Amino acid sequence: MAARRSGRFVTADPMEAVRRLDRIDTGVRFTADDAAALNARYAGASAEDILRAVLIDGVAGRIALVSSFGAESSVLLHLASKVAKDAPVLFLETGKHFPETLEYRDLLAERFGLTGLINLTPDADALAAKDESGLRWSYDPDGCCEIRKVIPLAKALTGYDASITGRKAFQSATRAELPVFEIDTSDSAGRLKVNPLIGWSRDDLIAYMDEHELPRHPLVAKGYPSIGCMPCTSTVAEGEDPRSGRWRGWDKTECGIHQVPGLTKDGDLPPDFDPVF
């Protein structure tokens, strides 16, 4: 007899599991009620306990960690490495990163023994058709993020039921009220997003880095508390929102990977899509 658990089915009958492989599952993976139940179940749990629940116990199904290897990424990656060094870690290799970020990615992967690192790259045909000059970021940053981040990640996540993010409430007003478990609104599949560090403060992060002697991103000391692609990242003055250096001068606060509708069959966003980045 199968028992339902957080939107997934588990069974002790191996034949029943085999029979299910012949079925096409078109249902939603998780619902808002599932997310609420998980938030209640893990209320007060530590970040490491949450990671153990999703990476080892499988309460969110097939899951991958999405990392920018940015200013604060070492904390989540170190915690994950303590639980499952082989967990899939998705990195968006946009072709526009600071060289320091790529070096930092390689350093952390080696230092933490991360064997599941997956570099996601933009589609070459899409770049040739929509950003042949490589300068789309200068006049259409939403479109640049769409090609180099949004679509590659959306395609990769079709193989997973959930993703782990490194978002923290203090980073910006748009993240202040996020729960640990939320429904991914990027499409209708009902994936979960898991935010193990959402309640951590900047002091918490620094204390953890100090305690475990984690290497810092080299650009942090140069005034970059939030680091994205090189053309769209600037230094931040004392007292400014940590993410104010991202897309400075544009009405844009997110790259788009956290709020995007589903892809069309040809790999593009719907023609009536009005991006909320």
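Quick caveat, the model's predicted, so the values are computed rather than measured.
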Exercise. Roughly how far apart are Ser67 OG and Arg105 CZ, rounded to 0.5 Å?
Worked result: 11.0 Å
Problem set entry | Nearest heavy-atom neighbours spanning Arg52 and Lys82 | NH2-O, 4.5 Å
Exercise. Side chain to side chain contact (heavy atoms under 4.5 Å, CB included) with Leu192: which of Asp184, Leu38, Val59?
Worked result: Leu38
Exercise. In terms of hydrophobic clusters joined by side-chain contacts under 4.5 Å, are Ile206 and Trp200 together?
Worked result: no
Exercise. Hey, does Ser226 have a side-chain heavy atom less than 4.5 Å from the side chain of Val236?
Worked result: no
Exercise. Does Tyr160 reach the side chain of Ile63, with side-chain heavy atoms less than 4.5 Å apart?
Worked result: no
For this session: Calculate, to the nearest 0.5 Å, the distance between atoms CH2 and CZ belonging to Trp137 and Arg148 respectively.
Result: 11.0 Å
Problem set entry | Where Ser81 and Lys85 come nearest, the two heavy atoms and their spacing | O-CG, 3.2 Å
Exercise. How many angstroms lie between CG in Leu51 and CG in Asp57, if you round to the nearest 0.5 Å?
Worked result: 11.5 Å
For this session: Could you tell me which non-hydrogen atom of Leu178 sits nearest to which non-hydrogen atom of Arg167, and how far apart they are?
Result: CD1-NH1, 3.5 Å
Problem set entry | Test of ring centre spacing under 6.0 Å for Tyr208 and His78 | yes
Exercise. Quick check: does any side chain N or O of Asp34 sit under 3.5 Å from a backbone N or O of Thr31, one acting as donor and the other as acceptor?
Worked result: yes
For this session: Would you please test Thr233 and Tyr224 for side-chain contact (heavy atoms from CB on, under 4.5 Å) and show each step?
Result: CA-CA 8 Å; Thr233 304; Tyr224 295 87; 3.7 Å; yes
For this session: Would you please test Leu107 and Phe69 for side-chain contact (heavy atoms from CB on, under 4.5 Å) and show each step?
Result: CA-CA 10 Å; Leu107 171 63; Phe69 286 84; over 6 Å; no
For this session: Could you tell me whether the side chain of Lys168 and the main chain of Gly166 form a donor-acceptor pair under 3.5 Å?
Result: yes
Problem set entry | Any side-chain heavy-atom pair of Arg136 and Leu127 under 4.5 Å | no
For this session: Start with the C-alpha distance between Ser74 and Arg111, add both sets of side-chain angles, then the distance that settles side-chain contact (heavy atoms from CB on, under 4.5 Å), and finish with yes or no.
Result: CA-CA 10 Å; Ser74 64; Arg111 179 78 61 90; over 6 Å; no
For this session: Apply the test side-chain contact (heavy atoms from CB on, under 4.5 Å) to residues Glu48 and Val83: give CA-CA distance (whole Å), side-chain angles for both, the deciding distance (0.1 Å), then the verdict.
Result: CA-CA 8 Å; Glu48 188 169 342; Val83 174; 4.0 Å; yes
For this session: Indicate yes or no: at least one non-hydrogen side-chain atom of Glu72 is less than 4.5 angstrom from one of Leu197.
Result: no
For this session: Tell me whether Ile147 is reachable from Leu153 by hopping between hydrophobic residues (I, L, V, M, F, W, Y) whose side-chain heavy atoms are closer than 4.5 Å.
Result: no
For this session: Evaluate the side-chain proximity of Phe112 to Leu214: yes if any heavy-atom separation is below 4.5 Å, no if none is.
Result: yes
Exercise. So how far is it from His97 NE2 to Ser68 OG, rounded to the nearest 0.5 Å?
Worked result: 8.0 Å
Exercise. Looking at CG of Asp86 and CG of Leu55, how far apart are the two atoms once the value is rounded to the nearest 0.5 Å?
Worked result: 9.0 Å
Exercise. Under a single-linkage definition using a 4.5 Å side-chain heavy-atom cutoff for Ile, Leu, Val, Met, Phe, Trp and Tyr, are Leu117 and Val75 assigned to the same hydrophobic cluster?
Worked result: yes
Exercise. Linking I/L/V/M/F/W/Y whenever any side-chain heavy atoms sit under 4.5 Å apart, do Ile227 and Leu65 land together?
Worked result: no
Exercise. Do the rings of Tyr104 and His217 sit parallel, tilted or perpendicular, given the 30° and 60° boundaries?
Worked result: tilted
For this session: Could you grab the distance from atom CZ of Phe91 to atom CG of Leu102, nearest 0.5 Å is fine?
Result: 5.5 Å
Exercise. Taking Lys96 for the side chain and Gly134 for the main chain, is one N or O donor matched with an acceptor at less than 3.5 Å?
Worked result: yes
Exercise. In terms of hydrophobic clusters joined by side-chain contacts under 4.5 Å, are Met230 and Leu120 together?
Worked result: no
For this session: Report yes if the side chains of Thr165 and Val66 come closer than 4.5 Å at any heavy-atom pair, otherwise no.
Result: no
Exercise. Salt-bridged, Asp123 to Lys155, with N to O below 4.0 Å?
Worked result: no
Exercise. Can you name the closest pair of heavy atoms from Ala71 and Met209 and give their distance?
Worked result: O-CE, 3.8 Å
Problem set entry | Leu157 vs Leu90 side-chain heavy atoms within contact, under 4.5 Å | yes
Problem set entry | Closest approach of Cys144 to Asp131 (non-hydrogen atoms, all atoms of both residues) | SG-OD2, 4.4 Å
For this session: Could you tell me whether a side-chain N or O of Asn39 sits under 3.5 Å from a main-chain N or O of Phe181, the two making a donor and an acceptor?
Result: yes
Exercise. Are side-chain heavy atoms of Leu79 and Pro196 found at a separation under 4.5 Å?
Worked result: no
Exercise. Got a salt bridge between Lys130 and Asp125, using NZ or NE/NH1/NH2 to carboxylate O under 4.0 Å?
Worked result: no
